[in-house]
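Notes to accompany the following structure.
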Amino acid sequence: VKEQGKNNYLFFTSEMNESIVRRTTMEKQLAIALEQEQLTLFYQPQVEASTGKIAGFEALVRWNMPERGLISPLEFIPLAEETGMIIQLGEWVLRRACEQHKRWIDEGLMPVIIAVNISMKQFEDDSLFETIRHILIETKLPPDLLELEITESIGLQGADQVINKLNRLKTLGVRIAIDDFGTGYSSLHYLQKLPIDTLKIDKSFIRDMISVTPDISIVHSIIRLAHSLQLDVLAEGVEVVSQLEMLAALKCERLQGYLFSRPIPAEEARALLLRQKLD
Ligand code: C2E
Ligand code: CA
Ligand code: CA
Ligand code: CA
């Protein structure tokens, strides 16, 4: 009898079933994580290419799971998007990033840009404008220090709608960056109409600059394009000095990547700002 029970169990736990179980478990755990403050923000420095100074930080969420330790956002952001939990999670990230940075400014540390990722689902949600407006009022962070990183895929929504939404967000005084630029499809015409401040070149192009058959032509074109539209350029995934040198020569404004620092806990980010102040 025991043997049979075991077989039945195995029969019903097909691979598909198992993944559904795992998903619902994770979904419940994520809801708990939000309540119990199991989420934490890491910060990755964005360096000013001309001076080597910290010009900003990108806030990157981590899930500190009681049994597993730090979990990558790649493991739970897609789930949070599917379940709609990204709205709540994204609001938490925005509030925490703004609060934390305002505290550093109040301590006398140099104000820098704080970049926050906004997922497609969040961007589509009608409450985003009010959420950000409230958070800026609550935290008193100067709006021009908040940079919203939005991916090119928002364009799928329909150009006019996207432009209207971005224009409305811009009235709050925040900065807008297009993340992972070059991986999606945006025409020059479309880009020209968007009220954006920064183009963030996707790390795949930065990697290709130093591949076996190095190719800097795409990066060169993107930077030229951005500058012709009066946009700042930020390169992500900068890992080696030769990339830094090429990007600096191309007058890329900001650089981000393991060469400078991995994403670090808030305390370490604060220490970097403190050291920069004392230098
Ligand atoms: P992303 O926005 O493109 O963020 C950059 C990712 O590249 C980060 O991974 C960062 O740790 C990694 N990275 C930084 N420097 C280098 C480098 O030199 N080389 C390489 N190979 N990678 C580098 P992370 O933190 O695992 O985040 C992964 C993705 O998860 C992010 O990609 C973003 O799409 C998403 N994500 C993270 N935090 C949030 C959040 O708060 N909200 C939303 N909606 N998405 C988030
Ligand atoms: Ca990003
Ligand atoms: Ca990116
Ligand atoms: Ca991304």
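The chain is numbered in sequence order, starting from 1. In listed order, ligands and their atoms are each counted from 1.
- Only the backbone of Val238 comes within 4.0 Å of ligand 1, judged by heavy-atom distances.
- Considering backbone and side-chain N/O of Glu81, none are found under 3.5 Å from N/O of ligand 1.
- At least one heavy atom of Gly237 lies less than 4.0 angstrom from ligand 1.
- You'll find the side chain of Gln100 stays beyond 4.5 Å of the side chain of Phe57, heavy atoms only.
- One finds an angle of 90° at the Ca ion (ligand 3) between OD1 on Asp180 and OE2 on Glu236, to the nearest 10 degrees.
- With a 4.0 Å cut-off on non-hydrogen atoms, Val93 touches ligand 1 through its side chain and not its backbone.
- Residues Glu107 and Lys277 are not in side-chain contact: their nearest non-hydrogen atoms beyond the backbone lie 4.5 Å or more apart.
- The atom of Glu58 that is an N, O or S and sits closest to the Ca ion (ligand 2) is OE2.
- The N, O or S atom of Asp179 lying closest to the Ca ion (ligand 2) is OD2.
- The distance from ligand 1 to the heavy atoms of Leu74 drops below 4.0 Å at these ligand atoms: 28 (C), 29 (C).
- Between Asn117 and ligand 1, at least one N/O pair is under 3.5 Å apart.
- The closest approach of Glu149 to the Ca ion (ligand 2), by N/O/S atoms, is made by OE1.
- With a 4.0 Å heavy-atom cut-off, ligand 1 is reached by no atom of Arg207.
- Between Glu37 and Arg96 there is a salt bridge, with a side-chain nitrogen of the basic residue lying less than 4.0 Å from a carboxylate oxygen of the acidic one.
- For Asp197 (side chain) and Ile176 (main-chain N/O), a donor-acceptor pair under 3.5 Å exists by modelled atom type.
- In this structure, Glu268 and Leu272 have side chains that are not in contact, with every pair of non-hydrogen atoms separated by 4.5 Å or more.
- Looking only at side-chain heavy atoms (C-beta outward), Ile113 and Thr198 stay at 4.5 Å or farther from each other.
- Counting heavy atoms closer than 4.0 Å to ligand 1, residue Glu58 contributes side-chain atoms (C-beta onward) but none from N, CA, C or O.
- Classification of Arg275 and Asp279 as a salt-bridged pair fails, no side-chain N sitting under 4.0 Å from a carboxylate O.
- At a heavy-atom distance under 4.0 Å, only side-chain atoms of Glu236, from C-beta outward, approach ligand 1.
- The nearest non-hydrogen atom to atom 30 (O) of ligand 1, considering only Gly90, Pro263, Pro73, Pro78, comes from Pro73.
- Close approach of ligand 1 to Asp180 is summarised as follows: ligand atoms under 4.0 Å from at least one heavy atom of the residue are 3 (O).
- A salt bridge links Glu267 with Arg270: at least one charged nitrogen is closer than 4.0 Å to a carboxylate oxygen.
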